[in-house]
Student: 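This structure is in structure tokens; I'll ask about it shortly.
All figures in this text were calculated on a predicted structure; none of them were measured in a lab.
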Amino acid sequence: MDGFGADFSVGGSSSGKVDTGAIMEQVKVQIAVANAQELLQRMTDKCFRKCIGKPGGSLDNSEQKCIAMCMDRYMDAWNTVSRAYNSRLQRERAKM
């Protein structure tokens with residue numbers, strides 16, 4: 001179940017009050033999932049274009065190695081950029 005029909009009323013009551021904290025948490029989760037899907041799609045596209053010369057029914061050893069190394073490098077680069085970005089955000093927030 002995706003939670004789109006989830007009850008956001010305070011304390012589970014039917015008073016009609018909206019629990020904005022629960023909604024914000026659900027939005028954060030949905031954004032994280034969308035970001036992960038985009039990361040995987042971009043990585044797949046880039047590594048496929050780089051490593052697969054002639055698409056066929058299976059990958060040969062060199063293509064498998066290329067895909068694995070490409071994905072490892074892509075994830076390492078993404079993690080490095082992500083850490084630097086988060087660090088900068090924290091510094092900027094500390095200045096406020």
Side-chain angles (χ1 to χ4, degrees):
M1 178 152 169
D2 62 8
F4 286 118
D7 179 17
F8 292 113
S9 53
V10 176
S13 70
S14 59
S15 64
K17 293 183 181 178
V18 175
D19 183 353
T20 55
I23 293 172
M24 290 300 293
E25 200 55 41
Q26 183 182 20
V27 168
K28 287 178 184 178
V29 168
Q30 289 174 351
I31 289 170
V33 168
N35 285 337
Q37 288 173 333
E38 182 179 357
L39 171 67
L40 286 172
Q41 185 63 47
R42 284 185 180 184
M43 182 173 54
T44 300
D45 290 344
K46 288 180 185 285
C47 293
F48 182 87
R49 276 187 266 123
K50 179 184 187 318
C51 298
I52 310 301
K54 295 180 182 177
S58 63
L59 300 175
D60 63 30
N61 282 342
S62 64
E63 290 172 330
Q64 289 177 16
K65 289 177 185 177
C66 181
I67 291 281
M69 291 181 69
C70 178
M71 293 175 82
D72 286 345
R73 283 193 307 265
Y74 197 93
M75 289 301 298
D76 287 344
W78 188 86
N79 286 331
T80 300
V81 170
S82 181
R83 281 191 299 273
Y85 177 73
N86 287 331
S87 176
R88 184 169 182 175
L89 279 178
Q90 289 176 354
R91 284 195 309 268
E92 293 297 321
R93 286 181 183 154
K95 290 180 183 178
M96 295 178 152

Student: Once you find the SG atom in C47 and the one in C66, is the distance between them below 2.5 Å?
Tutor: no

Student: Which pair of heavy atoms, one from R42 and one from E38, lies closest together, and at what distance?
Tutor: NH2-OE2, 2.7 Å

Student: Is there a chain of hydrophobic side chains (I, L, V, M, F, W, Y, each step under 4.5 Å between heavy atoms) that links V27 to V18?
Tutor: yes

Student: Just by distance, no angles: are the side chains of N86 and Q90 close enough, under 3.5 Å, to form a donor-acceptor pair?
Tutor: no

Student: State yes or no: do L59 and M43 share one hydrophobic cluster built from I, L, V, M, F, W and Y residues joined by side-chain heavy-atom distances below 4.5 Å, directly or via other members?
Tutor: yes

Student: Find out whether L39 and N35 are in side-chain contact, i.e. whether some heavy atom of one side chain is under 4.5 Å from a heavy atom of the other.
Tutor: no

Student: Quick check on the hydrophobic clustering: are I67 and W78 connected, directly or via other members, by side-chain heavy-atom contacts under 4.5 Å?
Tutor: yes

Student: Supply the atom-to-atom distance T44 OG1 to Y74 OH, rounded to the nearest 0.5 angstrom.
Tutor: 9.5 Å

Student: Roughly how far, to the nearest 0.5 Å, is CD1 of I31 from CD of Q26?
Tutor: 11.0 Å

Student: Output the distance between atom CE (M75) and atom OG1 (T80), rounded to the nearest 0.5 Å.
Tutor: 10.5 Å

Student: To the nearest 0.5 Å, what is the distance between CD on E25 and CG on D19?
Tutor: 10.5 Å

Student: Quick check: closest heavy atoms across K50 and R73, and the distance to 0.1 Å?
Tutor: CE-NH2, 3.5 Å

Student: With hydrophobic residues grouped by side-chain heavy-atom distances under 4.5 Å, do M69 and I52 end up in a single group?
Tutor: no

Student: Once you round to the nearest 0.5 Å, how far does CD of E63 lie from CZ of F48?
Tutor: 8.5 Å

Student: Is it the case that the side chains of R91 and S87 hold a donor-acceptor pair, with the cut-off being a distance below 3.5 Å and no angle test?
Tutor: yes

